[in-house]
Each structure stands twice: as C-alpha cells, then as structure tokens.
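Chain identifiers are assigned alphabetically (A, B, ...) following the order of the sequence lines, protein sequences preceding nucleic acid strands; residue numbering begins at 1 within each chain. The figures that follow rest on heavy atoms only: side chains count, while hydrogens, waters and symmetry mates do not.
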Protein chains: 4
Amino acid sequence: MTRITHDQATTIIAGAFTKGAELSLKPLGVVVVDAGGHVIAYQRQDGASTGRFQLALGKAAGALFLGMSSRKIADMTAERATFVTSLGPVAPAGVIPAAGGIIVVDADGMAIGAVGISGDLSDMDEACALAGIAAAGLTAQG
Amino acid sequence: MTRITHDQATTIIAGAFTKGAELSLKPLGVVVVDAGGHVIAYQRQDGASTGRFQLALGKAAGALFLGMSSRKIADMTAERATFVTSLGPVAPAGVIPAAGGIIVVDADGMAIGAVGISGDLSDMDEACALAGIAAAGLTAQG
Amino acid sequence: MTRITHDQATTIIAGAFTKGAELSLKPLGVVVVDAGGHVIAYQRQDGASTGRFQLALGKAAGALFLGMSSRKIADMTAERATFVTSLGPVAPAGVIPAAGGIIVVDADGMAIGAVGISGDLSDMDEACALAGIAAAGLTAQG
Amino acid sequence: MTRITHDQATTIIAGAFTKGAELSLKPLGVVVVDAGGHVIAYQRQDGASTGRFQLALGKAAGALFLGMSSRKIADMTAERATFVTSLGPVAPAGVIPAAGGIIVVDADGMAIGAVGISGDLSDMDEACALAGIAAAGLTAQG
C-alpha cells in the first residue's frame, strides 16, 4: 500500500457522506489527496458554499504540509497564531487550522495521502473524515 | 429567480446610495456579484478611498465562500481569529471579516449572488446593503 | 435547470470515464464546475499525473471565463497567442488553451457550469467531456 | 479636471452600452478606473461571461500601466510578444493586449483614468469605449 487509489478515494467520499447523513449534517465538501497534496477526488453536496473546496483542500494539504492533522494545527494556534498564519502564503493550497483534515498512513506510518472535509462544525467534519477512511479500510495517522 | 440581473444590480447600488445619503454616511463603494462571486456591477462614490473595491468584494465574495454574512464571519473572529485569517490566501477574492457583505437568496434559500459595501462603519455599510437588496425586491439570507 | 447538481456531476464523470474506457484512453482527470467556476466534483484515474486537476480546471473555468469552449480558445492562439497567454495571470483558475473544456447551458443558452478533462490527446479529452454531458442528459454549448 | 467623477463614470458606461446597442454587439462588461487603475465603476450586461471584469480591467489598468492604449499594446505583441507576456505577473491587474482599453486625459494630456471594455470583437469594444468617453464630455488619449 503506497498510494490511495481512485476506487479508494471514491469509497472514502461515499463513507464520509454516509456518516454526514447519519449525523444529519449540513452539506459537505470532501476531498481526497495523494501524498503530495494533489487532488484525487472531490465532491460537494448540493447547497454547500462555493469555498468548500478550498477549505477542504486547505485542511488536507495543510495537514500533509506540516505532517499532522488539521486539528493539531488548530490547537497550535492557541500559542503560535502568527506562525500558523504565516504558512498560508507559502503553502501551495494554504493551511486551514480547523479539524477535518486527516493524514492517511501505510503500515509503516508513512503518509500516503489525506482527507479534508468542510461544511459543518469542524468536529463533525473530522468525524466524517475518519468514517470515510475506515470505510475504505485505510488507516488514519494516530 | 436564479440570477441577479444587470438591472437588479444597478437598482441595488442605487438603493444603497439612497440609504447612505439618508444616513449622511461617508462615500461608499458598493459591489454586486453573482453566485460565483463574479462582479456584475460596482460603483464608488467620489471621495471613497482606492481600496473600497477590494474591501466590498472581499465582503461579498467572502460571504459566498463560507455561506454566511460577513458579519457572522466577523463574529467568528472572536474565538477563531487564526482560522479566519487563514482564509485570505485560499479565497480567490479574500475574505473580509466585517459587516457589510450579505448573500442574496432565491425562494429555496439558495445563493444567487451577494452585495458588499465598504466606506463607513461596518454596521452602516450593512444597513445600506440590506436597503439596496430590498430596493430591488430581492431577499437577503436570513 | 439552473445549476448542475451533485448527482449530475458524478454522472458526468462516470460517463466520461466510460467513454475513455471505450476509446482505451490514458488515465483522465475530470472536473465539473458550477457557473462560477467552483468545483462540484473531480476524479483522477490511477496513473494520471498530479497536474491533471489544474489542467482540467483551467479548461473548464477558462471556458466560462471567456464564454467559449477551450477548443475555441486554442484556435484563437493561432492569431492571438499573446492575448491568450495574458489571460493566465488574471483568471482565478487560469485559462488552458486546449480542447476538453465545454460549457454546459440551460434551455436559454445561459451557462450553468462546465466540464474539463485532461489526460489524453485534447480531442479525446473533449470527446469524453461531451459524452459525460450527454450521459447526464445535459446540453453542451453549441 | 483632475479626476473622473462617479457621475462621469456612470455616464461613460451608459454611453458605451448605447453604442453597443446601436451596433447590436454581444453583451459587454465596461469598467472605468481612476488614474491609479482603481475601479470607479463597472457594469456587466446579462449574458456576458464571468471573466469580462478581469478582461476589461486588464485593458484599462494595463493601458495606464504602460501609458498607451491596449490597442497599441496589442500592436506591440507583433515584435515583442515575450515582453508583453512578461507584464502580466508584475502588473497588479494584468495587461490584456487587445483593443478596448483607452486612457482618458485632461487638458494637459495627463492621464486622469481609463476605460476598458470586453465582450465583442476588440475593435467593437474600443468603439464603445470611445463613445462612452465622448458621451461624458471627456477626452481620449490621442
């Protein structure tokens, strides 16, 4: 397992949407990117705002950029807000400091991609990202 | 009603300027954008500073980006300042967290565009945006 | 019909991939955007290069930017190469002058979105875009 | 006369649209900017594509950037294409090398602003820009 396949990416998105429906969440945007932060698949549910793609991508690619979940990046803002803000202009897809961006790892713990979700409260977005990763039989970074 | 027409856009701007005159406000810049954040019409009154266009657009397009008024985005900065700041580099027209950017919706509550105003206090800017939308017989997002 | 729905977007992508398989094409990246050029859905087949997203998006959003297919923009380069090149820095998602970006229109001929494909020869990319649009029962700009 | 007023800007746009109607042109986007290239007013007719703002602005602000009409910049591409292309990334609003961007001058020949139009053939765009400037009693750069 060295990369997330196209089939796995669409399974992740479907799993995330299923979780969102179970939790009666607002319409979501869900992106799956490869280890380089490049988009494999994205879907935006009807009614989600236009910026959901950039938000989801900024969570997923931003997580890979720093090597930690976007929740940990959000936590980092408590003491290092200016540092986190400084990343936006230099990270190709920005860094969005809010839960919902999760790195997917292989058996050795190496990143093989990431999932980013935006649309509801960030805790809910993250729950859907984890559900999607599990639905595809993949492993979220611990 | 699925898009804001050219005639409606100029009516919105005229309505906003009328409100500004009633309230004896400073010179304003008023923009009307379509659902994708693309400019339909803009006018800047004599004496308004050169950046009013970017400020008005960043309120209007930023509101569409997140799916909420720029006042709500401003409110969000109280607890999530770094998150809001992180949006600037990834939103095509930026996200300006100050009242004065209002989404216009159709009968189903779907966004068909937005209005953004900058020039006076942001509460005043917003009052003019709402007046302009009403003048055109359109509906502001609740 | 005033917008491309999430279901229609995934149907367009599936239809494009079916056509690509029929024609034994190289792996494709297929994007569907709304009338404002914002991504509704994207999928990249295994083996497609990392830049397929930007290429597909630059075809689709670039077509909407100018109001014509990316094939017509490519044709325009024969006599106006510098003009076409000048669009890149001012178009939010760039303008890629190669066939494969097609505007989707409603009954009145107004743009409701666009499809962009990159991966094989641009003529093949375009054939898949047209097949995807037809699969969803939508209409390509004439 | 040292600046284009708000009233003059809206008169220019109305004059340009009148000319476009006389010539049965496609829907236009018309921008008026001040001497610094900052937008005073813009209007986009129904049916004009989303990129008309950037195209019109890139003609008007690009003309001011180099101190000559966008037609002359277009002519310059015959022998200096790479030079013109190099301007895009460094000019704040880009430089669009196509007729339709005209500098407005005062009695001393100093620039007080510019008009940019996009929507039909560039020769037609330019005819409307000149008509708009004349309608406002202003003077186009010779």
*Nearest-0.5 Å distance, CG of residue Asp108(C) to CG of residue Asp46(D)*: 11.5 Å
*Quick check: does any side chain N or O of Thr50(D) sit under 3.5 Å from a backbone N or O of Leu64(C), one acting as donor and the other as acceptor?*
yes
*Please check if the side chain of Arg52(D) supplies one atom and the backbone of Leu66(C) the other of a donor-acceptor pair under 3.5 Å.*
yes
*asked:* Run the side chain to side chain contact (heavy atoms under 4.5 Å, CB included) test on Val95(D) and Val90(C) for me, step by step, so that the C-alpha distance in whole Å, both residues' side-chain angles and the decisive distance to 0.1 Å come before the verdict.
replied: CA-CA 9 Å; Val95(D) 174; Val90(C) 301; over 6 Å; no
*asked:* If the condition is ring-ring contact (aromatic ring centres under 6.0 Å, His included), which residues does His38(D) pass it with, not counting sequence neighbours?
replied: none
*By a 4.5 Å heavy-atom criterion (distance strictly below it), what part of Ala74(D) contacts chain C: side chain, backbone, both, or neither?*
neither
*Interface moiety of Ala35(C) toward chain D, non-hydrogen atoms closer than 4.5 Å*: backbone
*Where do Phe83(C) and Ile96(D) come nearest, in terms of heavy atoms and distance?*
CE1-CG2, 3.4 Å
*Kindly give the heavy-atom pair with the smallest separation between Pro97(D) and Ser86(C), and that separation in Å.*
CD-OG, 3.1 Å
